[in-house]
Amino acid sequence: MKVIVLGSGITGTAAAWFLRQAGHDVTVIERRPGAAQETTFGNGSQISVSHSEPWANPSAPSKILKWLGKDDAPLLYRFRAEQLQWEWGARFLLECTPKRTAHNTRQCVAMSDFSKRTLRALREEAGIEYTHLSRGIMHFYTDKADYESSKAGAKLMTSLGCPRNTITPDEVIQIEPALSPVRDKLVGGDFTPDDEHGDSREFTIALSEKAKEQGVDFRFNTTATRLLTEGSGGPACRIAAVETITPTGEFEVLKADAFVISLGSFSAPFLKPLDIHLMIYPAKGYSATFPVKDPEKAPYVSLIDAGYKLVFSRLGNRLRVGGTAEMNSYGRQLNEARCQALIRRTSELFPDACDYDQPHFWTGLRPMTPSNIPYIGKTKYGNLFLNTGHGTLGWTMGCGSGRAIADIVSGKQPEVDFEFCGIK
């Protein structure tokens, strides 16, 4: 078939790669000048299978209430006169029960583990080179209550096949000596040696180049404006074409046999005219990238700071710090208070590791669903498919969801135990 993929972040690019491997004629439409220039560009860099718990959990509502109005809070919810935001918030609260949390965790872990295995096979087979380290991921705690409550999550992850070992403060330092300056503040941690981290932007660009070599047509600086339908409704109703604006400003209609939506946070407004209502809301995430000044004092193991909801990933001679989220519509302007919070916490943990006078700040819109489970699968239009809504797990799930949606488009059952969507 001829397949058009909308979006060239990690999820769209991976989908294009696997669709081409399945024998399809693939075109990718991307409004930016190249691949991986939006949410994939500067994320926290972790392939975090063992830490793929959903945001919605029994403790989340009380924490969000405590953080209201604090500009430097880990999660800042700014109430707006937007129907989608209020509906999303209500659905989020419904997902915070223990039963729903356990179900959503199992779903996220299944796709994340499948994706990690897919990523490793893909980079080996395609010979993709990018900055990455396979030294595990360690969660560290400076609050006793957080540490004690984390043990249930670690136990659940272990039962799902992701060994997340609870460790002592001394073991934390043994695994990552760069945390020695805050040894007296540590109360414990947990460690998953099989997790890894890497530069998602580098990987996605490299994969797009490999895909081009295989015949995938990437059309950059091209904006998809709407999908054109044919048929009178019901199963016979299909997508006939996508209307685009070319780099020269002209309108062009591109026809195809199938269409895959990988537009991240913009998937919901793009599909709303087709009466497809996706519960995806943008969570503006921040990252800061610092030049490493002393390699021995910067961490090599990828870290998660439980109290501050931050992740730290060593990318060669850079230290990437990602985290915090702002539920505040589609704007991406930097909030100075949140930027300073990243510098403050990183310099507290690793005081002499980096040049904190030369940060590179970035924001990206994570496409969050209330459950953290992405939309991967079919829609009411027979040839329209979804691969979107991965939230904070786009890099973790990207390769696996791309492989899965390629199977679904090809009429095959994906090799992962996951509840694929069927949007009506």
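As a basis for the values below, the full set of heavy atoms in this structure was taken, side chains included, without hydrogen atoms, waters or symmetry mates.
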When you check the gap from the basic side-chain N to the acidic O, do [X] and [Y] get nearer than 4.0 Å?
X	Y	result
Glu176	Arg135	no
Arg120	Glu124	no
Arg164	Asp195	no
Glu196	Lys116	no
Glu202	Arg318	yes

Six-ring centre of Tyr281, Arg91 cation under 6.0 angstrom, axis tolerance 45°: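 Geometry flag: not set, cation outside 6.0 Å or 45°.
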Would you say the side-chain atoms of [X] pair up with the backbone N or O of [Y], donor to acceptor, closer than 3.5 Å?
X	Y	value
Thr363	Arg332	yes
Thr40	Ile10	yes
Lys378	Phe420	no
Thr13	Ser8	yes
Thr27	Ile4	no

Result of checking Asp217, Asn221, Thr222 against Arg219 for side chain to side chain donor-acceptor pair (under 3.5 Å):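 Single side chain to side chain donor-acceptor pair (under 3.5 Å) partner of Arg219 among Asp217, Asn221, Thr222: Asp217.
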[atom2] on [Y] to [atom1] on [X], rounded to 0.5 Å:
X	Y	atom1	atom2	value
Ile137	His197	CD1	NE2	8.5 Å
Ile173	Arg183	CD1	CZ	6.5 Å
Ser112	Phe418	OG	CZ	9.0 Å
Met327	Tyr77	CE	OH	5.5 Å
Phe270	Leu263	CZ	CG	6.0 Å
Ser180	Lys297	OG	NZ	10.5 Å

If we count only N and O atoms by modelled type, under 3.5 Å, do the side chains of [X] and [Y] hold a donor and an acceptor together?
X	Y	result
Ser313	Ser45	no
Asn104	Ser371	no
His390	Ser401	yes
Ser59	Asn57	yes

If I compare all heavy atoms of [X] with all of [Y], which pair ends up nearest, and what's the gap?
X	Y	value
Ala298	Val292	CB-CG1, 4.0 Å
Asp190	Tyr141	OD2-OH, 2.9 Å
Pro163	Thr158	CA-OG1, 3.8 Å
Ser208	Phe218	O-CE1, 3.6 Å

Test side-chain contact (heavy atoms from CB on, under 4.5 Å) applied to Arg78 - qualifying residues, sequence neighbours left out: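 Here the qualifying residues are Asp71, Leu76, Glu326, Asn328, Asn335.
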Would a line drawn from the ring center of [X] to the ring center of [Y] be shorter than 6.0 Å?
X	Y	result
Phe203	Trp395	yes
Phe312	Phe350	yes
Trp86	Phe79	yes

Intermediate values then yes/no, side-chain contact (heavy atoms from CB on, under 4.5 Å), Cys339 and Leu342: CA-CA 5 Å; Cys339 292; Leu342 294 178; 5.6 Å; no
Lys255 and Lys2, any side-chain heavy atoms less than 4.5 Å apart: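 Contact flag for Lys2/Lys255 side chains = no.
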side-chain contact (heavy atoms from CB on, under 4.5 Å) between Glu419 and His103, worked out: CA-CA 11 Å; Glu419 291 183 359; His103 171 269; 3.2 Å; yes
Stepwise side-chain contact (heavy atoms from CB on, under 4.5 Å) test for Val49 and Ser115: CA-CA 9 Å; Val49 178; Ser115 188; over 6 Å; no
